[in-house]
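Numbers here simply count residues along the sequence, with the first being 1. Both ligands and their constituent atoms are indexed starting at 1 by order of listing. These values consider heavy atoms only, across backbone and side chains, with no hydrogens, waters or symmetry-generated copies.
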Amino acid sequence: MLTTSKIEISKCALENNLRFLKKQMGDEVLVSSVVKGHAYGHSIEKFVPLAEACGVQHFSVFDASEAYRVKMAASNPQTDIMIMGMIDGSQLEWAIENGISFFNFELKRLEEALEASRKVGRPARLHIELETGMNRTGFGSYQLPEVAHLLKTHPEQLRFEGLCTHFAGAESIANYVRIKAQRKAFNHLYKWFKGQGLAPKLRHTACSAAAMRYPPTRMDMVRIGILQYGFWPSRETFIDFSIRSGQTEDPLQRLVAWKSKVMDVKKVKTGEYVGYGTSYLANEAMEIAIVPIGYAHGFSRSLSNQGRVLIHGKRVAVIGMVNMNMICVDISQLDGVERGDEVVMIGRQGDMELSVSSFGEFSEQVNYELLTRLPLDIQRQVVE
Ligand SMILES: *Cc1c(COP(=O)(O)O)cnc(C)c1O
């Protein structure tokens, strides 16, 4: 390993999570694997081939550059790619040429897609996104007659691949009323399209939280991000699943483990300070280990005197400030720690696990943010 730490991605954890998802969603529902944000920090280049090997054939991304990377990383000619957010200009032609489908939520893009399709000589595969109450992207109902008109008059260029929407916070029961209204609005507008003689190939509305919590939102396809990586969208989502299924153990397994190794060990005398300044005083003679990871590597400074890592299967404390490239940990309770011994910042060692969420609680980040912020220059390595 050239970097001072590495991030392992577990194949068998992904297999486990996909099996769980398939069982929950049933055979009729297509699972699209959401790989925006560098596949939630796992790396598109590492994750996509792995997911393909586990049977995934549909990927969702935010923009054209991510779609390009998925395309480069994929090897199965059947693999389908869907852009949910930004695409414009010449990217539209590229997407159409390559059979990549994309969301449409404004008329200009729809008109440009029509142009691009004519130029390329292939149909644009469109997902019409509806505004149902999130007030982000999505066609308002007042725009739909024009959308329907375009679809009906250009069936050769504009292929109605999907009708979709996104919920404004399905991971929290506090949003129940809002989500319910969104579901109702979506179903109403779907009927409207049918009344126009327009039927999409796929209807899709659910992210991980909605797919688990509100089964009717699954429809033809679910867009699953965080769950496939082994995390619940929120603690509440897991509790809800647990109550309904009677299962108290978490059926998901985390794919990521973040590991480094001991760079040096030394003794500190009673009454000495450790590291910069006076933030940590040795109250007794102690032994410490120096680990070559710091805030430059994504180990937040707010973990100073707070964080925990695993060494020899035991939880040990970060002492003093987190530096740019190093931390000191207290190993006084351990025997025989040596240079080169494995250090786990996130993941399992022996019977112990340090979760992303306990790491996140200390550094005040949610799972989604923490994962996508794991620095990209840390090597990702697929393991069984
Ligand atoms: C990110 C995203 C998802 C996946 O969300 P998870 O909570 O990670 O499952 C689904 N749909 C859209 C439109 C998204 O942007």
Give a yes or no on whether the backbone of [Y] and the side-chain of [X] come within a donor-acceptor separation of less than 3.5 Å.
X	Y	result
S242	F238	no
E66	G37	yes
D341	V262	no

Testing the basics here: between Y40 and I226, what is the closest heavy-atom pair and its distance to 0.1 Å?
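Nearest heavy atoms, Y40 then I226: CE2-N, 3.6 Å.
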If we set the cut-off at 4.0 Å for heavy atoms, which region of [X] has an atom near ligand 1: side chain, backbone, both, or neither?
X	value
P233	neither
E171	neither
H166	side chain
Y40	side chain

Taking only non-hydrogen atoms of Y368, do any sit less than 4.0 angstrom from ligand 1?
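It does; at least one heavy atom falls under 4.0 Å.
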N or O pair under 3.5 Å between [X] and ligand 1:
X	answer
V34	no
R136	no
G225	yes

With heavy-atom distances below 4.5 Å as the criterion, would you say the side chains of H166 and E129 are in contact?
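Contact flag for H166/E129 side chains = yes.
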Quick one, L114 and L158 - any side-chain contact, counting heavy atoms below 4.5 Å?
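Of all side-chain heavy-atom pairs linking L158 with L114, at least one is under 4.5 Å.
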So which heavy atom in the protein is nearest atom 11 (N) of ligand 1, and how far is it from that ligand atom?
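Ranked first by proximity to atom 11 (N) of ligand 1 is R223 NE, 2.9 Å.
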Please report which non-hydrogen protein atom sits nearest to atom 9 (O) of ligand 1, along with the residue it belongs to and the distance in Å to one decimal place.
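Answer, as residue, atom name and distance: S208 OG, 2.5 Å.
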Find all atoms of ligand 1 within a distance of less than 4.0 Å from any non-hydrogen atom belonging to K36, and give their numbers and elements.
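Near K36, meaning under 4.0 Å from one of its heavy atoms, ligand 1 has 1 (C), 2 (C), 3 (C), 14 (C), 15 (O).
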If you measure only the distance, is there a donor-acceptor pair under 3.5 Å linking the side chains of W232 and D250?
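Distance-only check passes for W232 and D250.
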Residue list, side chain to side chain donor-acceptor pair (under 3.5 Å) with D80, at least two apart or on another chain:
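D80 satisfies side chain to side chain donor-acceptor pair (under 3.5 Å) with R125 only.
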